[in-house]
Amino acid sequence: MTSAETDPEATDALRVLQRVFGYDSFRGSQQEIIDQVVAGGDALVLMPTGGGKSLCYQIPAFVRDGVGIVVSPLIALMQDQVDALRTLGVRAGFLNSTQDPGERRQVESAFLAGELDLLYLAPERLRVESTLSLLDRGTISLFAIDEAHCVAQWGHDFRPDYLALSMLHERWPTVPRIALTATATEATRAEIASRLNLEDARHFVASFDRPNIQYRIVPKNRPEQQLLELLRGEHQGDAGIVYCLSRASVEKTATFLTENGFEALPYHAGLDARTRAAHQARFLREDGLIMVATIAFGMGIDKPDVRFVAHLDLPKSVEGYYQETGRAGRDGLPATAWLAYGLQDVVQQRKMISTSDGDEAHRRKLAAHLEAMLALCETVECRREQLLAYFGQSGSTSCGNCDTCLSPPESWDGTIPAQKVLSTVFRLDRERRQKFGAGHIIDILLGKNTAKITQFRHDSLTVFGVGTELRDTEWRGVVRQLLAKGLLAVHGEHGALQLTDASGEVLGGQREVRLRREPKQTAQPAKAAKPGRTAPAALSEDAVPLFERLRAWRAAAAKEQGVPAYVIFHDATLREIASRSPSTLAELGTVNGVGENKLAKYGQQILDTLAA
Ligand code: ADP
Ligand code: ZN
């Protein structure tokens, strides 16, 4: 069926890749990692989401004698992971707190009888003596420690359980261990290595680039409308995640999208656990649902066909932003990461930091995270280049697939407008009675006669009405950028503006201020963009109806088996089937993602669907 069986040179690992998983070749450093573990060595693997980490332990578990033990904190997803493996013909099971004793005993005896290739365990299981002695009685091929950053993050729920994993090495010194994470920073890697005794392991650090994700950051005007334009214009019918900061805005946005004809579900910590689980399950199982969520949602969600991640509020750090956007496009097909960001975001976050609990050092850390995020938002250079540089991967050049590459923003000399803003803040500050927010300052510059202006007699200031050369939104852009550059600060809980040490240089004319010109169009796709639209648009005209038929068949099959649609086949696989339209099983077997087991199980149904 696949070329493997006729190729005597193929390694065992490659044969498994082709026969079981239906893929032609390894990606990136998968081969080296697998070789290392198959040979009995330890490995520490840093690879971005969607990079293909799972195969790095699944294939060695297959090739080596015994059962591969996979430690994962994501018990809500274990059932899906195991279902996905079983569809491939892999013998997999799991042990966690959701099972009743009967189910657990069944899995345990399968393990002891050597009838499993992979056994998934929640980390807390390994702190129970009975589990350890169970493992002693079987044959273990390897330990895979997934989401290994849990061991390194302070305050992480699973941290104590993960710290206890350092005993694996002492108890089973000859069993190879492979730790995996998508968290990129050097500090995290060093801590994982030391906490899990993996200093002597081979470290594999993949590029963190996600070339199929198009990064776009737009000025926020009417965020809900902008989101709607994005969805209507580029992501009709696609699955995606919309992140909001607060529970209230999650609810509001979900309702708004539903009223506008999109299927959207809310997800936040204020919903009870059952509703959350039900919404998550629907998002995973059904095609084309939108999850509107706080950052409580997403860890370990390995749905491959999330086509967009939209942020309606500014993330608190670049790490968070990268992790959240990384949930898009795991299948390697084009996906969009879209963030709307405005003056209010900056004011609000600066305010939150200045009033946050915790000591000065903690506040400084939060501020540094925000600085880096703002620098990304305000850059006129390639977003991807800046992101990768942040994660210590320098040397990349313009990517051609982010908003700043696709339509380079202009910069302009904003020194005079900056001086106008700063001197207004300075004059108000001199009154010492009260500090004012951005809105009032802009009203003064525009010479508006608001009640507040009359009340404080601000129409008598010399700066009153000196700023009619810019529109309100443009002034907001100026203030936002001054805040982002540290030329203005936010004071107290009302978001009042005040000068910083650096403001004086601008007021005194010693410092030029370059500003980014706000694009007129906001939610429109960048002109030269590769089509953000995925499968159907990328297909030929003939293939589109086939693809739709295959999707409908897949939805029915998934429903019947109670598994997520992507467990049956990924979009990428259906797309390839639709464009090649194979007429025999042998031909179908050469499609990427069609392994032996799936071919036997679904092959005929697919041919029938194509012929219908
Ligand atoms: P990660 O755990 O690193 O986020 P996964 O292991 O879920 O990534 O893999 C991401 C996607 O890429 C999956 O759909 C997987 O089947 C696919 N994939 C992984 N390795 C290969 C390969 N060598 N060839 C083709 N597809 C692959
Ligand atoms: Zn770029």
Side-chain angles (χ1 to χ4, degrees), residues 2 4 13-14 16-18 20-34 45-59 70 72 74 77 80-81 84-85 87-88 90 144 146-149 178 180-184 204 206-217 298-306 323 326-333 335 337 376 379-389 396-409 526 528-530 564-574 576 591-595 598:
T2 51
L14 185 59
V16 173
L17 178 78
Q18 297 175 333
V20 178
F21 294 89
Y23 296 137
D24 294 336
S25 54
F26 287 112
R27 272 188 196 161
S29 41
Q30 279 177 332
Q31 169 96 64
E32 284 169 88
I33 299 167
I34 290 168
V45 175
L46 278 77
M47 214 186 255
T49 308
K53 287 186 283 302
S54 331
L55 291 185
C56 296
Y57 56 83
Q58 288 168 348
I59 291 184
V70 185
S72 165
L74 306 164
L77 303 172
D80 285 349
Q81 282 169 327
L85 287 165
T87 325
L88 294 166
V90 178
D146 208 0
E147 312 287 343
H149 57 275
I178 169 171
L180 310 103
T181 178
T183 303
F204 297 89
S207 162
F208 269 75
D209 190 13
R210 302 286 310 280
N212 60 313
I213 299 183
Q214 183 175 92
Y215 296 98
R216 283 158 39 193
I217 301 180
M299 169 138 148
I301 294 292
D302 56 4
K303 184 175 169 65
D305 55 356
V306 174
Q323 223 165 60
R327 290 170 188 143
R330 288 175 83 124
D331 54 11
L333 297 176
L376 177 69
T379 187
V380 290
E381 319 259 303
C382 172
R383 307 259 191 222
R384 189 181 313 272
E385 196 180 330
Q386 187 150 343
L387 275 168
L388 293 176
S396 50
T397 47
S398 299
C399 73
N401 194 26
C402 72
D403 55 353
T404 49
C405 280
L406 291 167
S407 42
K530 297 171 193 166
Y566 63 79
V567 164
I568 312 256
F569 283 117
H570 285 181
D571 276 0
T573 302
L574 290 193
E576 195 180 326
V591 170
N592 231 353
V594 184
K598 287 192 179 176

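As the structure lists them, so they are numbered: ligands from 1, and atoms in each ligand from 1.
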Atoms in ligand 1 with a heavy atom of T49 nearer than 4.0 Å = 4 (O)
Min over R27, R330, K303, K53 of heavy-atom distance to atom 7 (O) of ligand 1 lands on R330
Compute whether any side-chain donor of one residue and acceptor of the other, for N592 and E576, lie under 3.5 angstrom apart.
-> no
Identify the closest protein heavy atom to atom 8 (O) of ligand 1: which residue and atom is it, and at what distance?
-> G52 N, 3.2 Å
Check: R210 side chain, G329 main-chain N or O, donor-acceptor pair, under 3.5 Å | yes
Taking the Zn ion (ligand 2) as the vertex, what is the angle from SG of C382 to SG of C405, given to 10 degrees?
-> 100°
Between the candidates P48, S25, G326, which shows the shortest non-hydrogen contact distance to atom 22 (C) of ligand 1?
-> S25
Compare all side-chain heavy atoms of I217 with those of Y215 and state whether any distance is below 4.5 angstrom.
-> no
Among protein heavy atoms, which lies nearest atom 5 (P) of ligand 1, and at what distance?
-> S54 OG, 3.6 Å
Which option out of E147, Q81, Q30, Q18 puts a heavy atom nearest to atom 20 (N) of ligand 1?
-> Q30
State whether F569 and K598 meet the cation-pi test: NZ (Lys) or CZ (Arg) under 6.0 Å from the six-membered ring centroid, and within 45° of the perpendicular axis.
-> yes
Within 4.0 Å of some non-hydrogen atom of L55, the atoms of ligand 1 are 19 (C), 20 (N), 21 (C)
Of Q31, H570, M47, the residue with the heavy atom nearest atom 14 (O) of ligand 1 is H570
Candidate pair T49 and R330, rule side-chain contact (heavy atoms from CB on, under 4.5 Å), full reasoning | CA-CA 7 Å; T49 308; R330 288 175 83 124; 3.2 Å; yes
Return yes if some donor-acceptor pair links the side-chain N/O of R384 with the main-chain N/O of I213 below 3.5 Å, else return no.
-> yes
Can you check whether E381's main-chain N or O pairs, donor with acceptor, with T404's side chain at less than 3.5 Å?
-> yes
Should D305 and L333 count as side-chain neighbours, where that means a heavy-atom distance under 4.5 Å?
-> no
Number the atoms of ligand 1 from 1 as they appear, then name those within less than 4.0 Å of a heavy atom of G50, with their elements.
-> 1 (P), 3 (O), 4 (O), 8 (O), 10 (C)
Which of these, Y23, F26, F21, has its nearest heavy atom closest to atom 15 (C) of ligand 1?
-> Y23
